Amino acid sequence: MTLSSLLGLASISHAAVLNSKPEQASSHIKTLVLGSGCFWGAEKRYEALPGVIDAESGYADGRGFKASYKAITASSRRFDPNNYAEVVRVTYNASRLSTESLLKVYFESHDPTQKNRQGNDVGTQYRSTILYTDEAQKTTAASLKEQYQALLTQAGYGQIQTTLKPLSAFVRAEEYHQNYLVKNPNGYCPDHSTGVTFADVQEQSVDNKALLTGKHIVVIDAPYCPYCDKFKQQVVNDYQGSIALHFRRASQLQDLSIMSATWATPTILFMENGKEVAGFQGYMDRKTFYRALGAFKLGDSDAYTTAFEQGTDRPFCKQYDLFKQTGDGVFIDKLSGQALFDTKDRFNSGTGWLSFKHPVAGSVTYHEDNSHGMQRTELRSSSSGIHLGHVFANEGPGGSDRYCINATVLEFKSRQDYQVSQ
């Protein structure tokens with residue numbers, strides 16, 4: 001049985017997430033409208049950038065008439081300040097392609113010192129303009145404009161003519177303009193870039209080799225993501241499980257086979273041998289996370305049934321035989337890695353289940369259980385919430401309580417190994 005079928009959840013497809021917004025997730029889908037001369041070549045250039053979701057040719061920043069290619073190219077409007085500009089609306093995943101990186105490509109790909117023209121293309125429709133959709137984009141664009149001006153001045157160029165304005169409206173260009181260079185492979189749009197480039201700033205490289213073997217949990221997060229912080233603080237701050245958990249930016253997934261879209265954070269991915277098994281967008285509470293992890297790690301097994309369906313191990317089961325006489329150490333939660341019981345408190349009850357006089361302080365929670373016509377006190381792990389067993393009053397040595405625990409939901413660590421891992 002697969003992880004998805006156990007949870008009744010499917011891995012999220014790219015198409016699905018574009019049509020739905022996950023709850024409690026930070027969206028990194030942003031839009032910038034950019035004018036840099038002829039929109040044909042610009043559209044193709046932006047579409048080739050990793051992190052760009054869509055690039056559409058169109059018209060913006062004009063007034064007084066209905067925008068169309070015929071109207072804006074009319075000779076009477078060649079120097080009309082109210083003419084529309086040829087622009088490209090770029091929709092991008094800012095967690096993969098930052099606004100700064102996109103705008104660096106924008107400035108470097110044309111000559112922003114030319115006013116109302118790019119080379120032989122002359123007219124107000126060819127003006128250099130940035131139409132932003134949020135204040136952060138405005139701040140970034142203004143800063144980069146200043147930085148690029150210094151570089152251009154040093155190279156002997158004049159003043160940047162690029163205007164910065166909030167986007168008021170975008171008119172999509174006629175269909176034959178969309179993907180124009182794909183439809184017209186022998187066509188071209190001239191390159192008027194200055195050759196002046198920003199200093200390369202390399203993002204810290206991440207080695208994903210370790211993730212190509214075995215099972216791993218990958219959490220895609222981002223700066224300034226409150227739901228990521230909430231997930232870290234409330235769900236995985238105390239995680240010590242044997243399946244390694246890694247945090248990555250959406251731009252740091254090289255060599256991994258990812259099916260889920262990465263525009264919302266957090267996105268939690270369960271990976272095996274470098275391939276996504278299942279992905280979940282948005283904040284996962286502790287209960288949901290550990291149920292997903294249980295399905296991923298335990299699969300369709302007795303351990304999963306015991307942990308999440310309040311099952312009970314068979315007496316004297318194989319796992320019990322392995323654990324009844326271990327060396328000195330601790331028994332930990334099979335999912336969270338948190339310590340639950342100490343071998344110093346173990347005793348042989350003769351029942352066929354692991355028995356302890358008491359748990360590690362704070363490691364379990366107690367719940368009323370009236371199932372099967374009995375009145376019992378159920379034990380669950382305080383870290384993962386999985387079912388552990390029951391406690392029976394006065395059934396232990398010297399009248400102590402007997403904590404009757406299912407062995408299949410535990411893992412054992414020697415005292416030395418446990419102390420090293422802390």
Side-chain angles (χ1 to χ4, degrees), residues 214-217 231-246 284-298 301-304 306-308 310-313 317-349 351-367 369 377-393 395-397 400-422:
K215 292 186 176 184
H216 297 268
I217 307 164
F231 180 71
K232 292 174 184 177
Q233 294 166 7
Q234 298 186 3
V235 181
V236 295
N237 65 316
D238 57 355
Y239 176 74
Q240 299 178 45
S242 58
I243 296 181
L245 186 147
H246 315 264
M284 294 178 83
D285 61 26
R286 185 177 285 263
K287 180 179 179 181
T288 305
F289 171 75
Y290 276 109
R291 191 172 184 89
L293 176 58
F296 180 54
K297 181 174 182 177
L298 307 177
S301 66
D302 291 339
Y304 183 88
T306 298
F308 295 100
Q310 292 182 263
T312 301
D313 291 349
C317 70
K318 180 180 179 181
Q319 200 70 19
Y320 166 78
D321 286 337
L322 291 173
F323 285 170
K324 67 182 180 181
Q325 290 181 328
T326 62
D328 182 47
V330 294
F331 291 97
I332 62 175
D333 183 310
K334 204 163 194 172
L335 299 182
S336 73
Q338 292 294 307
L340 295 172
F341 298 94
D342 196 301
T343 55
K344 294 177 181 178
D345 304 309
R346 177 180 56 188
F347 65 93
N348 184 4
S349 64
T351 62
W353 286 281
L354 290 176
S355 297
F356 302 88
K357 290 181 283 187
H358 55 76
V360 172
S363 67
V364 303
T365 58
Y366 300 82
H367 307 268
D369 179 7
T377 300
E378 180 202 3
L379 300 172
R380 297 178 194 166
S381 169
S382 60
S383 57
S384 68
I386 63 172
H387 171 71
L388 301 174
H390 295 86
V391 58
F392 300 98
E395 291 190 9
S400 64
D401 294 337
R402 178 170 69 91
Y403 286 76
C404 182
I405 305 302
N406 295 294
T408 56
V409 297
L410 304 179
E411 288 179 355
F412 174 76
K413 277 194 173 184
S414 69
R415 184 83 57 194
Q416 182 177 357
D417 288 344
Y418 181 73
Q419 290 173 344
V420 168
S421 68
Q422 297 305 295

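Small disclaimer: the values here were computed from a predicted structure and weren't measured.
Side chains of V360 and Q338 form no contact here, defined as non-hydrogen atoms less than 4.5 Å apart. Contact of the F296 side chain with the H216 side chain is not registered, since no non-hydrogen atoms from C-beta on lie closer than 4.5 Å. Contact check for D328 versus K344: side-chain heavy atoms found under the 4.5 Å cut-off. Two residues are said to be in side-chain contact when any heavy atoms from C-beta on lie closer than 4.5 Å; D401 and F392 fail this criterion. A 4.5 Å side-chain heavy-atom check between Y239 and I217 finds at least one atom pair inside the cut-off. By the 4.5 Å heavy-atom criterion applied to side chains, T312 and W353 are counted as neighbours. Here the side chains of D333 and Q240 are not in contact, with every heavy-atom distance at 4.5 Å or above. Side-chain atoms of S383 and R286, non-hydrogen and from C-beta on, do get closer than 4.5 Å to each other.
N406 places a side-chain N or O within 3.5 Å of a backbone atom of L388 that can act as its donor or acceptor partner. In this structure, the side chain of Q310 does not engage the main chain of H387 through any donor-acceptor pair within 3.5 Å. Listed for the R346 side chain is no donor-acceptor partner under 3.5 Å among the backbone atoms of F341. A donor-acceptor pair is defined here as one N or O able to donate and one able to accept, closer than 3.5 Å; no such pair exists between the side chain of T377 and the backbone of V391. Looking only at distances, a side-chain donor or acceptor of D313 sits under 3.5 Å from a matching main-chain atom of A407. Between the side chain of D285 and the main chain of T288, a donor-acceptor pair closer than 3.5 Å is present. The backbone N or O of F347 sits nowhere less than 3.5 Å from a side-chain atom of S349 that would complete a donor-acceptor pair. For T343 (side chain) and G329 (main-chain N/O), a donor-acceptor pair under 3.5 Å exists by modelled atom type.
Counted by atom type alone, S242 and K297 present one or more donor-acceptor pairs between their side chains at under 3.5 Å. No donor-acceptor contact under 3.5 angstrom links the side chains of D302 and T408, judged on distance only.
The minimum heavy-atom distance between A339 and I332, with the atom names listed, is CA-CG2, 4.0 Å. Considering every non-hydrogen atom in both H367 and T365, the closest pair reads NE2-OG1, 2.7 Å. The minimum heavy-atom distance linking K357 with S400 is given by the pair CG-OG, 3.8 Å. Across Y403 and L379, no two heavy atoms sit closer than the pair CD2-CD1, 3.2 Å. Nearest heavy-atom pair, L410 versus F331, reported as atom, atom and distance to 0.1 Å: CD1-CB, 4.0 Å. Between S384 and S336, the shortest heavy-atom contact is CB-CB, 4.4 Å.
Considering CZ of F308 and NZ of K287, their distance stands at 10.0 Å, rounded to 0.5 Å. The CZ atom of F323 lies 13.0 Å from the CD1 atom of I405; values are rounded to the nearest 0.5 Å. Between the CD atom of Q325 and the OH atom of Y320 there is a distance of 8.0 Å, given to the nearest 0.5 Å. A distance of 14.5 Å separates CE in M284 from CD in Q234, rounded to the nearest 0.5 Å.
Between R380 and D369 there is no salt bridge, since no side-chain nitrogen of the basic residue lies less than 4.0 Å from a carboxylate oxygen of the acidic one.
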